[in-house]
Asks: 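Quick one: this structure, given as structure tokens, is what I'll be asking you about.
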Amino acid sequence: MRDAYDFKTIEQKWQKKWLSGRDFEVCENAEKQKYYALEMLPYPSGKLHMGHVRNYSLGDAVARYKWMHGYNVIHPIGWDSFGLPAENAAIRNNSHPEKWTLENIANMKAQCMRLGISYDWHREITTCLPEYYRWNQWFFLRMFERGLAYRKKGTVNWCNKCQTVLANEQVIEGRCWRDESEVEKRELEQWYFRITDYADALLQDLDQLKSWPEKVLIMQRNWIGKSEGARVRFLVEGLAGGIEVFTTRLDTIYGSTFLVVAPEHPAVPDLLRSHPSPDQARTEIQRYRSQQQTIREGSEAEKLGIFTGAWALNPFTQERIPVWIANFVLMEYGTGAIMAVPAHDERDYEFAKKYGLEIRRVIEPVETQSADLPFCGYGRLVNSGQFSGMESETALRKMFAFIREKGIGEQTATYRLKDWGISRQRYWGTPIPIIYCAQCGVVPVPDDQLPVKLPRVETIRLGVSPLATVPEFANVACPRCGKPGRREADTMDTFVDSSWYFYRYCDPQNSHMPYDPDKVKYWFPVDQYIGGVEHAILHLIYMRFFTKVMRDLGLVQWDEPVMNLFTQGMVTKDGAKMAKSKGNVVDPDHFIDLFGADTLRLFILFAAPPEKDLDWSESGVEGCFRFLNRIWRLFVRHEESIAQPSEKIDAADEDQKLMRKLHQTLHRVGNDLERFHMNTAIAAVMEFLNSLYDYEDSAANKNRFLLRDVFEKMALMLSPFAPHFAEEMWERLGHHGNISFQPWPKPDPAWLVEEQVEIVIQVNGRVRGKLFVPAGIDEQGCMDLAMRDKKVQGYLEGKTVRKVVYVQDRLLNIVVT
RNA sequence: GCCGAAGUGGCGGAACUGGCAGACGCACCGGACUCAAAAUCCGGCGAGGUUUACCCCUCGUGGGGGUUCGACUCCCCCCUUCGGCACCA
């Protein structure tokens with residue numbers, strides 16, 4: 001068994017070499033074209049799972065492939081190490097989150113090493129360390145100075161299980177993104193980032209992201225949710241200032257027969273003054289407000305409302321219309337008030353029917369004859385005063401002008417996107433660098449006092465912000481007046497950490513600045529970002545926002561940080577997401593022990609196209625192991641005779657055939673890699689190996705010169721997928737130096753040209769024969785050859801040829817009747 | 001409800017621009033080697049029909065229609081699955 005494929009020894013050997021040789025550590029080099037290969041930084045949850053393996057195998061294939069094309073590749077990794085699981089684990093084990101986190105990092109780092117990923121370890125970052133998070137605080141202060149970080153009291157999403165506030169992006173269908181428990185609404189004073197200032201920019205610049213998956217662009221577009229329309233003020237009897245509504249259908253305003261405000265609307269107390277029994281009304285409204293979010297939102301919920309007793313004036317018709325309060329109007333969207341047009345809106349229609357309110361048609365459909373209400377499309381205006389007879393499009397333009405002239409409203413857009421609430425009432429996060437002073441108010445911590453270090457809290461209790469329980473931390477002198485002040489006890493959302501980490505990789509040890517701008521300028525933008533599609537909204541919108549803020553602060557010169565995004569599919573088990581709680585987590589270590597990292601990496605890339613979900617099944621892993629073994633056996637058989645370069649030997653027919661196949665394979669593998677088709681790239685190498693075995697069987701005399709070439713190129717082709725294996729072969733072929741820095745083998749075009757091609761002969765579109773013809777033969781020549789074929793003749797007998805379709809080197813279709 | 005993606009052998013999947021459907025791998029079946037087994041190497045492997053030796057024919061990419069000499073691929077309708085948004089005014 002001397003020559004068996006000993007993956008354990010091979011993999012350890014090369015991992016050690018790469019590390020001690022600092023092979024993958026890079027620095028700026030103006031001479032060379034840079035390439036930034038980035039994978040989403042992992043949360044150190046304990047162990048790598050198959051999703052990580054997939055992510056890093058993809059990233060490594062890209063990085064190594066680019067190296068081989070001469071790029072100066074930066075390929076970093078780090079740890080997104082603040083967050084709740086660490087804190088929860090610490091509470092459970094009565095220990096400290098830092099201990100849990102750093103142990104996990106050590107563990108997962110060792111696993112990354114065992115996978116042999118080409119990371120530049122000297123750029124490793126750990127976001128829970130003060131050297132990193134001080135820059136979160138620094139960015140926060142810059143944003144505070146610009147009014148982009150602000151404090152306000154408002155309705156927040158509260159997760160009872162996590163005992164903290166969540167951002168809108170972290171609430172999925174009314175449930176916490178982490179533990180899926182129901183989210184409550186609470187009134188709290190919180191810190192926000194003014195991401196809505198960038199709503200338009202975030203939307204517009206999606207057009208720059210040409211190589212992002214369409215799916216992600218659509219999801220972001222939906223999330224930002226721009227609707228264009230107008231704000232219009234309705235006068236209300238006895239209410240100063242009236243009520244402002246937002247509508248996308250100003251063209252329907254003549255049909256607005258009542259007004260509806262949200263139960264939370266600030267005008268509600270005033271509106272109720274003319275109500276006959278205000279107490280009863282208040283009880284009813286309270287009922288709407290306390291309806292849980294998931295019940296209240298959702299079109300299947302019953303629409304409930306009451307008449308306030310107040311009357312408003314439709315500014316176009318000058319009619320008195322009643323003002324209602326109803327559960328289906330949301331305070332968070334638009335102005336929290338709507339002009340109801342029951343004839344042309346389904347919700348308003350349903351509501352009007354239920355409460356017997358007037359339904360007045362003001363739009364006639366142009367194309368259809370249907371007279372059914374509600375009619376929600378655009379059409380021609382009727383019963384609309386001076387605007388009657390116009391089509392919606394024209395009417396809208398004129399009506400926008402009208403409200404502007406009369407000073408009763410303006411054309412605007414409303415966004416679904418809300419400001420990003422970043423306060424978290426938890427311990428394991430970046431302290432917000434703010435001090436509250438009775439005299440000076442909200443005072444930022446001066447830059448020279450950064451970082452505000454996270455104090456040690458021995459026992460974390462839930463229900464209060466843990467930092468408030470540490471007197472040495474909480475009690476602090478006001479930096480402005482020196483009198484006793486109180487530190488902000490909330491910490492930042494962990495998504496702040498991951499919003500700019502890829503800048504820090506460019507200059508990870510800088511203690512004066514978040515990074516040296518020259519270094520960032522060299523490496524940016526990110527050329528290829530790879531990660532799970534689950535971040536399509538959360539992380540990928542926050543990170544875009546951060547870059548835009550940084551641009552406006554003069555810290556970077558571009559609008560977007562990432563040029564190309566690749567979203568990999570999930571790795572599932574029996575169709576379900578792998579999770580510790582489900583007990584269906586598959587441990588990569590097991591497979592590394594059994595077959596080696598190269599086999600595991602090869603398999604996870606081979607098993608499915610990378611963008612598709614992959615349901616994990618071990619059958620097939622062995623196939624990849626067999627594949628490597630098959631190469632190995634053949635290689636060992638010839639090793640001695642090909643270990644040194646030899647004289648060129650004239651190529652026999654078999655040799656030529658193999659040579660052609662080799663270059664075709666090089667061509668395919670290169671193409672597939674460019675398109676992220678790792679699975680077919682690997683399949684192409686497998687196919688080539690089969691041809692090599694055929695050669696082994698058929699060739700009487702093995703061509704040493706050719707075989708050496710073949711094994712060299714196979715090693716090079718395999719190196720992005722199975723780098724240890726490739727390195728070992730490369731070395732045994734007498735080469736020195738990391739194989740990932742060798743030039744990628746380009747196919748020789750001369751070998752890609754076939755002399756003979758097999759073309760298909762069709763009669764009336766059905767395959768009736770195959771023919772070897774000289775490549776590039778013209779239609780007539782091909783037709784002559786085809787006519788000589790007995791079978792084809794049989795099909796043509798007694799028929800008239802109507803038409804001949806000829807596709808060179810592909811097929812000949814004879815149409816007969 | 002709206003938007004998007006996908007449906008191909010027993011299984012994972014191939015077929016980029018319309019041109020031999022099922023590459024490659026798994027599983028399975030047969031042969032060689034072996035006392036035997038494993039491993040390995042060679043071969044077979046969509047369904048049906050006819051001969052039953054090759055050959056040949058028909059059907060076949062969720063269902064139905066269309067465009068075309070020719071459709072897994074393009075167009076229309078429907079079904080199913082997955083993902084996103086959702087009383088958004």
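In what follows, chains are A, B, ... by sequence order, proteins preceding strands, each numbered from 1. Computed from a predicted model, the values in this text were never measured in an experiment.
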Asks: Using a distance-only criterion (donor-acceptor N/O pair, under 3.5 Å, no hydrogens), is the base of C85(B) paired with the side chain of N222(A)?
Replies: no

Asks: Is Y795(A) near enough to C57(B) that one of its side-chain N or O atoms lies under 4.0 angstrom from OP1 or OP2?
Replies: yes

Asks: Name the stems that RNA chain B belongs to, where each is three or more consecutive Watson-Crick or G-U pairs with both distances under 3.5 Å?
Replies: B:1-7 with B:79-85, B:10-12 with B:24-26, B:28-32 with B:40-44, B:46-49 with B:56-59, B:62-66 with B:74-78

Asks: Please work out whether the ring planes of F7(A) and F625(A) are parallel, tilted or perpendicular, with thresholds of 30° and 60°.
Replies: perpendicular

Asks: Would you please confirm or rule out a distance under 4.0 Å between OP1 or OP2 of C41(B) and any side-chain N or O of Y693(A)?
Replies: yes

Asks: Across the strands shown, which category fits D348(A) at heavy-atom distances under 4.0 angstrom: base, sugar-phosphate, nothing?
Replies: nothing

Asks: Would you give a per-nucleotide map of nucleotides 20-30 of chain B, 5' to 3', where B means the base has a protein non-hydrogen atom under 4.0 Å away, S means only the sugar-phosphate does, and - means neither?
Replies: B--BBSSS---

Asks: Nearest whole angstrom, please: distance from the P of C88(B) to the CG of N327(A).
Replies: 13 Å

Asks: On RNA chain B, nearest-nucleotide positions of I338(A) versus H677(A): which is more 5'?
Replies: H677(A)

Asks: U58(B), C56(B), A89(B): which one has an atom nearest the side-chain heavy atoms of T248(A)?
Replies: A89(B)

Asks: Please confirm whether the ring centroid of W632(A) lies under 6.0 Å from the ring centroid of F725(A).
Replies: yes

Asks: Answer with yes or no whether K303(A) presents, from its side chain, a donor or acceptor under 3.5 Å of a partner atom in the base of C87(B).
Replies: yes

Asks: What does D345(A) touch in the nucleic acid at a heavy-atom separation under 4.0 angstrom: a base, only the sugar-phosphate, or nothing?
Replies: nothing

Asks: Do the two ring centres, one from W324(A) and one from Y288(A), sit under 6.0 Å apart?
Replies: no

Asks: Given the ring of Y693(A), does R630(A) sit roughly above its face, with NZ or CZ under 6.0 Å from the centre of the six-membered ring and within 45° of the axis?
Replies: yes

Asks: Using ring pair (Phe, Tyr, Trp, His ring centres under 6.0 Å) as the criterion, list what pairs up with F603(A), not counting sequence neighbours.
Replies: W616(A)

